[in-house]
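Computed over heavy atoms, backbone and side chain alike; hydrogens, waters and symmetry mates excluded.
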Amino acid sequence: MTDLEMAKLYLFLDLAIKNLLLDLKYIYEGPFRIKDPYILFNEQLLTSARTEMRKLKREMYKRNIQVVLLRQEGKFTTYKFITKQEIKEITYMNAVMKKHVKYVIERIATGQAF
């Protein structure tokens, strides 16, 4: 995996974890009558995602890779990816980012490695 691919995976995995935490909050506070199965499933996803995140962060630290949020403007968000080879700014459309986060969550749910 290249440094840039690793940085992008970090970004989308981080957003997936934030999404799962928000979903868990909605389940706890929502009108669900039977919450336990949803809570259990969501917590298992969070555990797997956090495990992957720890591995990824260790490797990023070794390779000196950083991801920095630069700005959010309407439907677009810009990040700076800092690697040994390059510093690259990438602007994502939020809807596209949502698809990437969905893909990451699906991979975690099916137990596929990155």
Side-chain angles (χ1 to χ4, degrees):
M1 179 181 310
T2 67
D3 289 352
L4 187 59
E5 288 171 345
M6 187 174 289
K8 288 178 182 180
L9 177 58
Y10 169 82
L11 169 65
F12 297 124
L13 187 56
D14 182 57
L15 292 173
I17 290 171
K18 288 176 183 175
N19 231 0
L20 290 169
L21 287 169
L22 187 61
D23 289 349
L24 192 58
K25 178 183 173 193
Y26 289 149
I27 292 168
Y28 276 119
E29 296 174 358
F32 291 88
R33 293 184 181 202
I34 302 173
K35 297 180 179 189
D36 292 341
Y38 302 109
I39 291 170
L40 181 65
F41 179 68
N42 198 303
E43 286 177 346
Q44 288 172 345
L45 288 176
L46 270 168
T47 300
S48 298
R50 286 176 173 153
T51 301
E52 287 294 322
M53 181 64 95
R54 276 192 293 279
K55 293 177 191 174
L56 195 55
K57 277 185 173 181
R58 265 189 235 117
E59 189 60 32
M60 287 177 63
Y61 181 77
K62 288 178 189 174
R63 295 187 189 186
N64 199 21
I65 301 170
Q66 296 177 23
V67 178
V68 179
L69 170 64
L70 290 181
R71 62 188 163 276
Q72 292 179 306
E73 297 172 355
K75 296 181 180 182
F76 298 92
T77 305
T78 304
Y79 291 91
K80 182 188 285 189
F81 297 95
I82 303 167
T83 66
K84 287 180 183 175
Q85 293 83 19
E86 62 185 332
I87 295 176
K88 191 169 194 172
E89 286 186 21
I90 300 177
T91 301
Y92 289 101
M93 188 174 187
N94 293 342
V96 173
M97 288 176 59
K98 188 175 180 179
K99 288 181 183 181
H100 287 294
V101 169
K102 179 182 173 193
Y103 173 75
V104 167
I105 291 174
E106 287 172 350
R107 298 242 352 195
I108 293 167
T110 58
Q112 297 176 359
F114 291 101

Taken to the nearest 0.5 Å, the spacing of L21 CG from E43 CD works out to 10.0 Å

Output for pair (K57 NZ, L13 CG), nearest 0.5 Å, gives 9.5 Å

Tell me if the aromatic rings of Y10 and Y79 count as close, with their centers under 6.0 Å from one another. no

Minimal heavy-atom distance between G74 and N94, with the atoms involved, is O-ND2, 3.5 Å

L45 and A109 have their tightest heavy-atom pair at CD2-CA, 3.4 Å

When every non-hydrogen atom of V101 is compared with those of N19, the smallest separation belongs to CG1-ND2, 3.7 Å

> For atom NZ of K35, is the number of surrounding heavy atoms from other residues, nucleotides or ligands below 6.0 Å larger than 12?
Replying inline: yes

When every non-hydrogen atom of A16 is compared with those of V104, the smallest separation belongs to CB-CG1, 4.0 Å

To the nearest 0.5 Å, atom CG of L9 lies from atom CG of D14 at 11.0 Å

Distance col, row F12:CZ vs K98:NZ, nearest 0.5 angstrom, shows 14.0 Å

Nearest heavy-atom contact between L46 and L24 is CD1-CD2, 4.0 Å

Paired with M6, the side-chain contact (heavy atoms from CB on, under 4.5 Å) test is passed by just one of V67, I65, T83, namely I65

Residues R71 and E89: closest non-hydrogen pair is NH2-OE1, 3.7 Å

Residue pairs meeting ring-ring contact (aromatic ring centres under 6.0 Å, His included), one or both in residues 16-39, sequence neighbours left out, come to F32-Y38

To the nearest 0.5 Å, atom CD1 of I27 lies from atom CG of D23 at 6.5 Å

Is there a continuous path of hydrophobic side-chain contacts, each under 4.5 Å between heavy atoms, that joins I108 to F41?
yes

Given E86 and L4, is the side chain to side chain contact (heavy atoms under 4.5 Å, CB included) satisfied, shown in steps? CA-CA 9 Å; E86 62 185 332; L4 187 59; 4.1 Å; yes

Distance col, row L70:CG vs Q72:CD, nearest 0.5 angstrom, shows 10.5 Å

| Under 6.0 Å from the CG atom of L69, do we count more than 12 heavy atoms belonging to anything else shown? | yes

Go through I90 and K8 one step at a time and tell me if the side chain to side chain contact (heavy atoms under 4.5 Å, CB included) criterion holds.
-> CA-CA 10 Å; I90 300 177; K8 288 178 182 180; 3.6 Å; yes

query = In terms of hydrophobic clusters joined by side-chain contacts under 4.5 Å, are M53 and Y61 together?
reply = no

